[in-house]
Trainee: 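Can you keep this structure in mind? I'll have questions shortly.
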Amino acid sequence: MDIEQKQADLIEHFVKRASALQGSALGALVADATSHPSLFAFSEILAVPSVLQLEGTDSSVYLDVLRLFAHGTWSDYKRNADRLLQLVPEQVLKLKQLTVLTLAETNKVLPYDQLMQELDVTNVRELEDFLINECMYAGIVRGKLDQLRRCFEVQFAAGRDLRPGQLGGMIQTLSSWLATSDNLLVSIQEKIKWADSMSELDKKHRKEVEDRVEEVKKSLSLKLHTVSRPTLTSEGMRRSTLNLVE
């Protein structure tokens, strides 16, 4: 089963569970979802009405935890740890994996120093082990570890849930890309037409040159034929006449 299908199945499973629960009973579900080793998307769970109803209640902390895993990073958790639940090791691992995905959204070359700071990793060996064992083997990211340049070159990274307000910017970016693509397509089509036109002109010119060459060949052939025909001199005409008289 590929990672996308597995994600879809897990999301459907947790959405169904969340739809059947209310209030503090959602706490166990949030803990399970944010600890699951193969689940990296949470927006569908956040959209469940019973989950949204946690806002402003004594159980709103579960909603905050879900939002953290949907959009936040390990640094966000450390800044707000006093008002959030203490995370278990599985949740810490998951949040650090999601942090790598967030960093990969904006930069395809991630310096080791930045990664170690964001992930609270103390040395390069530990960082590389984390990237290999917990990110690349998990299928959420692919890339190259460059020890000489001390960086991780990202080749692929799974997308995270869209943050509030991010959809508008994404739509604008896609619209601009579409407009640029349309303009490029028009330019390419115009160049193709120009190339076709030049090709036709070239064919026409070539035909004219070939016709002219044929005319010159015929003219030269005619002149050569005329020059090569025997001509009678005056003395020859006189002798021919005498022969006829005799």
Side-chain angles (χ1 to χ4, degrees), residues 3-4 6-107 110 114-121 126-127 130-131 133-135 138-141 152 154 157-170:
I3 187 171
E4 291 83 4
K6 192 171 185 178
Q7 284 282 301
D9 293 344
L10 285 170
I11 290 170
E12 182 180 2
H13 167 74
F14 282 107
V15 165
K16 286 181 178 179
R17 280 184 58 187
S19 300
L21 299 173
Q22 296 287 333
S24 60
L26 287 163
L29 177 138
V30 170
D32 290 345
T34 54
S35 300
H36 198 287
S38 299
L39 183 63
F40 296 91
F42 305 91
S43 59
E44 288 87 348
I45 304 173
L46 276 169
V48 175
S50 60
V51 175
L52 293 174
Q53 289 170 5
L54 295 175
E55 189 76 71
T57 70
D58 293 340
S59 301
S60 62
V61 65
Y62 302 126
L63 181 60
D64 293 336
V65 169
L66 263 182
R67 286 172 175 164
L68 171 69
F69 278 79
H71 312 123
T73 64
W74 176 242
S75 295
D76 293 329
Y77 172 72
K78 290 191 297 179
R79 285 193 296 268
N80 299 281
D82 57 336
R83 64 181 186 84
L84 293 170
L85 297 173
Q86 184 175 355
L87 302 182
V88 299
E90 292 80 7
Q91 289 174 309
V92 172
L93 171 60
K94 172 65 61 63
L95 193 54
K96 288 186 176 183
Q97 290 172 314
L98 293 169
T99 299
V100 172
L101 295 184
T102 294
L103 295 173
E105 286 180 353
T106 56
N107 197 340
L110 305 178
Q114 179 187 13
L115 287 168
M116 287 190 289
Q117 180 180 355
E118 292 291 336
L119 300 174
D120 272 346
V121 174
E126 185 181 354
L127 173 64
F130 176 80
L131 292 173
N133 298 325
E134 309 300 346
C135 296
I140 61 173
V141 68
F152 177 53
V154 181
R160 292 197 64 181
D161 295 305
L162 294 178
R163 293 180 289 276
Q166 190 177 14
L167 181 59
M170 182 173 291

Trainee: Is there side-chain contact between Phe40 and Gln7, with at least one heavy-atom pair below 4.5 Å?
Mentor: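 Result yes, sub-4.5 Å side-chain heavy-atom pair found.
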Trainee: So for atom NZ, which belongs to Lys78, do other residues, nucleotides or ligands contribute more than 12 heavy atoms lying within a distance under 6.0 Å?
Mentor: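 More than 12 heavy atoms, drawn from other residues, nucleotides or ligands, come within 6.0 Å of this atom.
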Trainee: When rounded to the nearest 0.5 angstrom, what distance separates CG in Asp58 from OG in Ser24?
Mentor: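 The distance works out to 9.5 Å.
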Trainee: So that I can tick it off, tell me whether Asp120 and Lys96 are bridged by a salt bridge, with the cut-off set at under 4.0 angstrom between side-chain N and carboxylate O.
Mentor: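 Salt bridge flag = no for Asp120 with Lys96.
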Trainee: What pair of heavy atoms forms the shortest contact from Thr73 to Arg160, and how long is it?
Mentor: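 Looking at all heavy atoms of both residues, the closest pair is CG2-NH1, 4.4 Å.
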Trainee: Find the distance between CG (Leu98) and CG (Leu103) and round it off to the nearest 0.5 Å.
Mentor: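 Answer rounded to 0.5 Å: 11.0 Å.
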Trainee: I'd like to check the side-chain contact (heavy atoms from CB on, under 4.5 Å) partners of Arg79; sequence neighbours left out, ordered by chain and number.
Mentor: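 Result, side-chain contact (heavy atoms from CB on, under 4.5 Å) vs Arg79: Ser75, Asp76.
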Trainee: Flag the pair Phe69 / Leu87 as yes when at least one side-chain heavy-atom distance between them is below 4.5 Å, and no otherwise.
Mentor: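 Yes - at least one pair of side-chain heavy atoms lies under 4.5 Å apart.
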Trainee: Ser50: which residues meet the side-chain contact (heavy atoms from CB on, under 4.5 Å) condition with it, sequence neighbours left out?
Mentor: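 side-chain contact (heavy atoms from CB on, under 4.5 Å) check on Ser50 returns Gln22, Leu26, Val48.
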Trainee: Would you indicate whether the side-chain heavy atoms of Leu115 and Val121 approach each other to under 4.5 Å?
Mentor: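 No; the side chains remain at least 4.5 Å from each other.
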Trainee: If you look at every heavy atom in Glu55 and Leu63, which pair is closest and at what distance?
Mentor: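 The pair with the smallest heavy-atom distance is OE1-CD2, 3.6 Å.
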Trainee: Can you name the closest pair of heavy atoms from Thr99 and Glu118 and give their distance?
Mentor: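 So the minimum-distance heavy-atom pair works out to CG2-CB, 4.2 Å.
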Trainee: What closest approach, in Å, do Ser38 and Lys6 show between heavy atoms, and which atom pair accounts for it?
Mentor: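 Where Ser38 meets Lys6 most closely, the heavy atoms are OG-NZ, 3.3 Å.
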Trainee: Rounded to the nearest 0.5 Å, what separates atom OH in Tyr62 from atom OG1 in Thr57?
Mentor: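 Rounded to the nearest 0.5 Å, the OH-OG1 separation comes to 9.5 Å.
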Trainee: Please name all residues satisfying side-chain contact (heavy atoms from CB on, under 4.5 Å) with Ser35, sequence neighbours left out, ordered by chain then number.
Mentor: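 Testing Ser35 for side-chain contact (heavy atoms from CB on, under 4.5 Å), a comparison that skips the adjacent residues, returns Val88, Glu90, Gln91.
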Trainee: Holding to side-chain contact (heavy atoms from CB on, under 4.5 Å), I want the full list of residues that pass it with Glu134, two or more places apart in sequence or in another chain.
Mentor: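 With sequence neighbours excluded, Glu134 shows a side-chain contact (heavy atoms from CB on, under 4.5 Å) to Leu93, Gln97, Phe130, given in chain and number order.
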Trainee: Measuring from atom CG of Leu10 to atom CZ of Phe42, what distance do you get when rounded to the nearest 0.5 angstrom?
Mentor: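 Going from CG on Leu10 over to CZ on Phe42, the span is 10.0 Å.
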Trainee: Going from CG on Leu54 to CG on Asp64, what distance comes out if it is rounded to the nearest 0.5 angstrom?
Mentor: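 Answer rounded to 0.5 Å: 9.5 Å.
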Trainee: Can you tell me how far CG of Leu119 sits from CH2 of Trp74, rounded to the nearest 0.5 angstrom?
Mentor: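 Trp74 CH2 to Leu119 CG: 10.0 Å, rounded to 0.5 Å.
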Trainee: Heavy atoms, side chains only, cut-off 4.5 Å: are Val154 and Phe152 in contact?
Mentor: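 SC-SC contact between Val154 and Phe152 confirmed.
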Trainee: For Ala157 and Leu101, which heavy atoms make the closest approach, and how far apart are they?
Mentor: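 Heavy-atom minimum between the residues: CB-CD2, 4.1 Å.
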Trainee: Report the residue from Val30, Leu39, Asp161 that forms a side chain to side chain contact (heavy atoms under 4.5 Å, CB included) with Ile45.
Mentor: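 When side chain to side chain contact (heavy atoms under 4.5 Å, CB included) is applied between Ile45 and each of Val30, Leu39, Asp161, only Leu39 qualifies.
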Trainee: Distance-only, no hydrogens or angles: does the Lys94 side chain make a donor-acceptor pair with backbone N or O of His36 under 3.5 Å?
Mentor: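 Such a contact is found between Lys94 side chain and His36 backbone.
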Trainee: List for me each residue that meets salt bridge (Lys or Arg N to Asp or Glu O under 4.0 Å) alongside Glu126, sequence neighbours excluded, and say none if there are none.
Mentor: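 Salt bridge (Lys or Arg N to Asp or Glu O under 4.0 Å) check on Glu126 returns nothing, list empty.
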Trainee: Determine the minimum heavy-atom distance between Ala18 and Leu29, stating which atoms define it.
Mentor: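 Scanning both residues completely, I find the closest heavy atoms to be N-CD1, 3.3 Å.
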Trainee: Report the residues that fulfil side chain to side chain donor-acceptor pair (under 3.5 Å) with Gln86, sequence neighbours left out, ordered by chain and then residue number.
Mentor: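 Gln86: no side chain to side chain donor-acceptor pair (under 3.5 Å) contacts found.
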Trainee: Taking side chain as C-beta onward, heavy atoms only, is Val15 less than 4.5 Å from Ile11?
Mentor: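 The answer is yes; the side chains approach within 4.5 Å.
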